[in-house]
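These notes are about the structure you will find just below.
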Amino acid sequence: MKKFFAILMAFVMVLSLTAVFVGCTTNDGAEDTTAAGTAAGTDADTAAGTENDAAEKPVLKMGTNAYFQPYEFYEGDKIVGIDAEIAAAIAEKLGMTLEIVDMEFDSILTAVNEGSVDFGMAGMTITEDRLLEVDFSISYANGVQAIIVKNDSPITCADDLYAEGANYKVGVQLGTTGDIYATDDFGSENVTTYSNGNEAILALLGGSVDCVIIDNEPAKALVSANAGLKILDTAYANEDYAICVKKGNTELLDKIDAAILELTEDGTIAGIIANYIK
Ligand code: GLN
């Protein structure tokens, strides 16, 4: 009986070791639990080169705010744009399938840190404060903060915003660098935050703010979609866009950096950007 028990125990141990082994291999390449469900039990097949590769690749989840043309925006129910395409190219290099999750811009860092997405990519500027919360990849694009006003606005250049007694009301997208800089410069009492650029533009058209400070490319899209608005010539700030990952996730960050480097060197990123920014 004792012997039978020992054999049984050995059998159970082998079984559980196998389970642990399978658990490790199936999660290989998936950086956190978000991809694990999809990856589980499929890597062995993928490695063996069976058909249906695309369906069986582990998932790489990107958090974004898809109201930021031309970097991320909806075409029907699909999220497209510069970031979406660069991210898809990165995922392909990593042998993974990209899944894009739309959320408030302000929620992206939390989602990255909680692991509900693997990385954040949203025309996101590298800032010192954000670097305290997440790690950033090398930069893949430059951004400029622009000021949008109504055509007949008394604001004709950035300096007008700082003029003695000016007291202009500024609209921004919550949590963006436009929000951070404007709050610093003009005080939170003069800055109204909106969850995306469209909402800020509606407020400008409706007269509740005097200008909107937002990144230049989405500014161009917003101005061409809404009559009676213009972008001031003065650039408010120059910035670098990058991808963010959970602090300390160097394994994923190194892979993303290597992919960005290759996609920069072979001209893929420049080609994608040129397709959207003429
Ligand atoms: N570049 C700005 C930032 O990082 C805005 C990004 C965005 O609105 N998607 O804050």
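What's counted below: heavy atoms across the whole structure, side chains too, no hydrogens, waters or symmetry copies. All ligand and atom numbering here is 1-based and tracks the order in the structure.
Close approach of ligand 1 to Gln173 (heavy-atom distance below 4.0 Å) involves ligand atoms 8 (O). Against a heavy-atom cut-off of under 4.0 Å, Asp215 is close to the following atoms of ligand 1: 1 (N), 2 (C), 5 (C). Those atoms of ligand 1 that come under 4.0 Å of a heavy atom in Tyr241, given as number and element, are 1 (N). Each of the atoms 1 (N), 2 (C), 3 (C), 10 (O) of ligand 1 lies under 4.0 Å from some heavy atom of Thr177. Interface of Ala122 with ligand 1, defined as ligand atoms under 4.0 Å from a residue heavy atom, comprises 6 (C), 7 (C), 9 (N). Of all atoms in ligand 1, listed by their number and element, those nearer than 4.0 Å to a heavy atom of Glu239 are 1 (N).
No side-chain N or O of Asp254 forms a donor-acceptor pair with one of Thr250 less than 3.5 Å apart. When only modelled atom types and interatomic distance are considered, Asn216 and Gln145 share no side-chain donor-acceptor pair under 3.5 Å.
A heavy-atom distance below 4.5 Å is found between the side chains of Phe136 and Leu131. Within the 4.5 Å cutoff, side-chain heavy atoms of Asp210 are placed close to those of Ile155.
Taking 4.0 Å as the cut-off, Gly143 does not count as a neighbour of ligand 1 on heavy-atom distance. Using a 4.0 Å cutoff on heavy atoms, Glu72 does not count as a contact of ligand 1.
Salt-bridge formation is not detected for the pair Glu133/Arg130: no Lys NZ or Arg NE/NH1/NH2 atom is positioned less than 4.0 Å from an Asp or Glu carboxylate oxygen.
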Show your reasoning for whether side chain to side chain donor-acceptor pair (under 3.5 Å) applies to Asn275 and Glu85.
-> CA-CA 11 Å; Asn275 261 341; Glu85 285 194 28; 4.9 Å; no
In sequence, state the C-alpha distance, the side-chain angles, and the governing distance for Asp266 and Thr268, and then conclude on side chain to side chain donor-acceptor pair (under 3.5 Å).
-> CA-CA 6 Å; Asp266 71 7; Thr268 304; 2.5 Å; yes
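Between Tyr71 and Tyr241, the distance from one ring center to the other falls under 6.0 angstrom.
By the 3.5 Å distance cut-off applied to N or O atoms, Thr125 is counted among the residues near ligand 1. Inclusion of Gly123 in the set of residues having an N or O under 3.5 Å from an N or O of ligand 1 is warranted.
Using a 4.0 Å cut-off between heavy atoms, Glu217 makes no contact with ligand 1 at all.
Ranking the protein heavy atoms by distance from atom 7 (C) of ligand 1 puts Phe68 CE1, 3.2 Å first.
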